[in-house]
Amino acid sequence: PKTPKPHEVLILFIIGYGVRRGGKECWANRPSSKRNAAFTSFNKGDYEAAIPLYEACFMDAKTAHGDFSLDVLSSMDKLAICYSETKDYDQAIRVNEERFMKMSLLYGDSYSPTLSALHSLGRDYVSRGDFGKALSAYEDCLKKRCLALGASHKSTMESRAAVYSLRTRL
């Protein structure tokens, strides 16, 4: 094997967790590269390609930082959107339920991003055709948004419109 020169050792030390293959740095295995690739696919609307990348980001973040890290919750958010956009509502609901539960424990159930997760859960219930659960989620979200954000806040009005729309359907 070739002995690395001092500047090569320094570069590899700085890169840290890159994997060498055939003497070349493999950037695809770095967490930031997975996240960037997932983000790029997501922004292009290629949700099928983004799903395995966000699943990998989720597992990497969970392993590195634990269940309740911001990276885990962020990956779960994007993953739920990807599942919803690919019409895999059961998976979207599973991820959103877990995300809502984690955010409720971490931040409380009146925290605005927690309520956004609850609203997303209601939207996925509607998409799946489970209107009873959707109405319950939307009404709970509306009540908490009124208390936390005020009746005239944009997010509260979004929840109010969702409740009204769903009640007219039933």
Side-chain angles (χ1 to χ4, degrees), residues 31-170:
S32 61
S33 294
K34 288 177 196 171
R35 201 171 30 252
N36 290 343
F39 185 74
T40 300
S41 295
F42 184 88
N43 284 344
K44 287 181 180 177
D46 189 0
Y47 302 108
E48 291 284 344
I51 288 173
L53 294 167
Y54 275 121
E55 286 173 341
C57 289
F58 169 75
M59 291 308 295
D60 289 347
K62 190 173 178 180
T63 301
H65 308 294
D67 279 343
F68 293 91
S69 76
L70 290 177
D71 286 344
V72 167
L73 296 172
S74 175
S75 294
M76 291 176 82
D77 177 42
K78 296 295 188 196
L79 199 51
I81 293 169
C82 288
Y83 284 134
S84 186
E85 290 294 327
T86 58
K87 300 189 184 341
D88 190 351
Y89 300 118
D90 291 332
Q91 285 289 76
I93 288 168
R94 180 189 61 77
V95 171
N96 269 326
E97 283 176 341
E98 184 179 350
R99 184 169 67 102
F100 174 69
M101 183 269 310
K102 286 179 181 189
M103 291 182 82
S104 293
L105 290 172
L106 192 60
Y107 300 113
D109 61 356
S110 294
Y111 182 59
S112 184
T114 304
L115 296 174
S116 293
L118 181 58
H119 190 86
S120 295
L121 183 59
R123 188 175 51 244
D124 289 332
Y125 282 136
V126 168
S127 296
R128 189 173 71 178
D130 197 344
F131 301 118
K133 285 186 178 181
L135 184 60
S136 176
Y138 280 150
E139 286 176 336
D140 191 28
C141 187
L142 175 61
K143 180 177 74 175
K144 290 174 181 173
R145 278 182 168 171
C146 279
L147 292 173
L149 304 173
S152 60
H153 191 276
K154 180 181 129 184
S155 296
T156 305
M157 299 192 42
E158 178 185 53
S159 291
R160 185 175 290 113
V163 167
Y164 177 78
S165 174
L166 202 51
R167 281 187 180 159
T168 58
R169 271 186 174 179
L170 299 175

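Across every non-hydrogen atom of C57 and S75, the tightest pair is CB-OG, 3.6 Å. The shortest non-hydrogen separation linking L118 to D140 is CD2-OD2, 3.7 Å. Heavy atoms only, all atoms of each residue included: L166 and L135 are closest at CD2-N, 3.2 Å. Nearest heavy-atom pair across L142 and R160 is CD1-N, 3.7 Å. The two atoms that bring S69 and A61 nearest to each other are OG-O, 4.2 Å, heavy atoms only.
Counting non-hydrogen atoms of other residues, nucleotides and ligands closer than 6.0 Å to CE of M157 gives a total of 12 or fewer. Residue-environment remark: CZ (F68) exceeds the threshold of 12 foreign heavy atoms within 6.0 Å. The environment of L170 atom CG is dense: over 12 non-hydrogen atoms of other residues, nucleotides or ligands sit within 6.0 angstrom. By the neighbour-count criterion of 12 heavy atoms within 6.0 Å, atom OH of Y107 is densely surrounded, having more than that number from other residues, nucleotides or ligands.
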List the steps and the verdict of side-chain contact (heavy atoms from CB on, under 4.5 Å) for R167 and E139. CA-CA 10 Å; R167 281 187 180 159; E139 286 176 336; 2.5 Å; yes

Decide salt bridge (charged side-chain N to carboxylate O under 4.0 Å, His left out) for E98 and K102; before the verdict, give the C-alpha distance in whole Å, the side-chain angles of both, and the deciding distance to 0.1 Å. CA-CA 6 Å; E98 184 179 350; K102 286 179 181 189; 3.1 Å; yes

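A salt bridge between K154 and E158 is absent, with no side-chain N of the basic residue lying under 4.0 Å from a carboxylate O of the acidic one.
Not a single donor-acceptor pair under 3.5 Å links the side chain of S74 to the backbone N or O of L70. S104 places a side-chain N or O within donor-acceptor distance of the main-chain N or O of F100, the cut-off being under 3.5 Å. A donor-acceptor contact shorter than 3.5 Å links the side chain of S41 to the backbone of A37. Remark: side-chain polar atoms of T156 are not paired, donor with acceptor, to backbone N or O of A151 under 3.5 angstrom. Between the side chain of T63 and the backbone N or O of M59 there is at least one donor-acceptor pair closer than 3.5 Å. R94 places no side-chain N or O within 3.5 Å of a backbone atom of Y89 that could act as its donor or acceptor partner.
The shortest side-chain heavy-atom distance between Y54 and C82 falls under the 4.5 Å cut-off. A heavy-atom distance below 4.5 Å is not found between the side chains of L115 and S112. For the pair V72/H65, no side-chain contact is recorded, criterion being any heavy-atom separation below 4.5 Å from C-beta on.
Summarising the geometry, atom CG belonging to L79 is positioned 12.5 Å from atom CG belonging to L73; distances are rounded to the nearest 0.5 Å. Going from atom OH of Y138 over to atom CZ of R145 covers 10.0 Å, rounded to the nearest 0.5 Å. Separation of atoms CG (D67) and NZ (K62) is listed at 4.5 Å; rounding is to 0.5 Å. The CD atom of E55 sits 3.5 Å away from the OH atom of Y83 when rounded to the nearest 0.5 Å. To the nearest 0.5 Å, atom OG of residue S155 and atom NE2 of residue H119 are 8.5 Å apart. We find the CD1-CD1 distance between I51 and I81 to be 11.5 Å, quoted to the nearest 0.5 Å.
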Counting only pairs under 3.5 Å, give me each side-chain donor-acceptor contact of residues 122-129, with atom names and distances, residues two or more places apart or in other chains.
{"residue": "R123", "atom": "NH2", "partner": "S120", "partner atom": "OG", "Å": "3.2"}
{"residue": "D124", "atom": "OD1", "partner": "S84", "partner atom": "OG", "Å": "3.0"}
{"residue": "D124", "atom": "OD2", "partner": "N96", "partner atom": "ND2", "Å": "2.8"}
{"residue": "Y125", "atom": "OH", "partner": "E97", "partner atom": "OE2", "Å": "2.6"}
{"residue": "S127", "atom": "OG", "partner": "R123", "partner atom": "O", "Å": "3.1"}
{"residue": "R128", "atom": "NH1", "partner": "D90", "partner atom": "OD1", "Å": "2.9"}
{"residue": "R128", "atom": "NH2", "partner": "D130", "partner atom": "OD2", "Å": "3.2"}

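Within the 6.0 Å centre-distance limit, the rings of Y47 and F42 are counted as a close aromatic pair.
The salt bridge (Lys or Arg N to Asp or Glu O under 4.0 Å) search around D88 returns none, not counting sequence neighbours.
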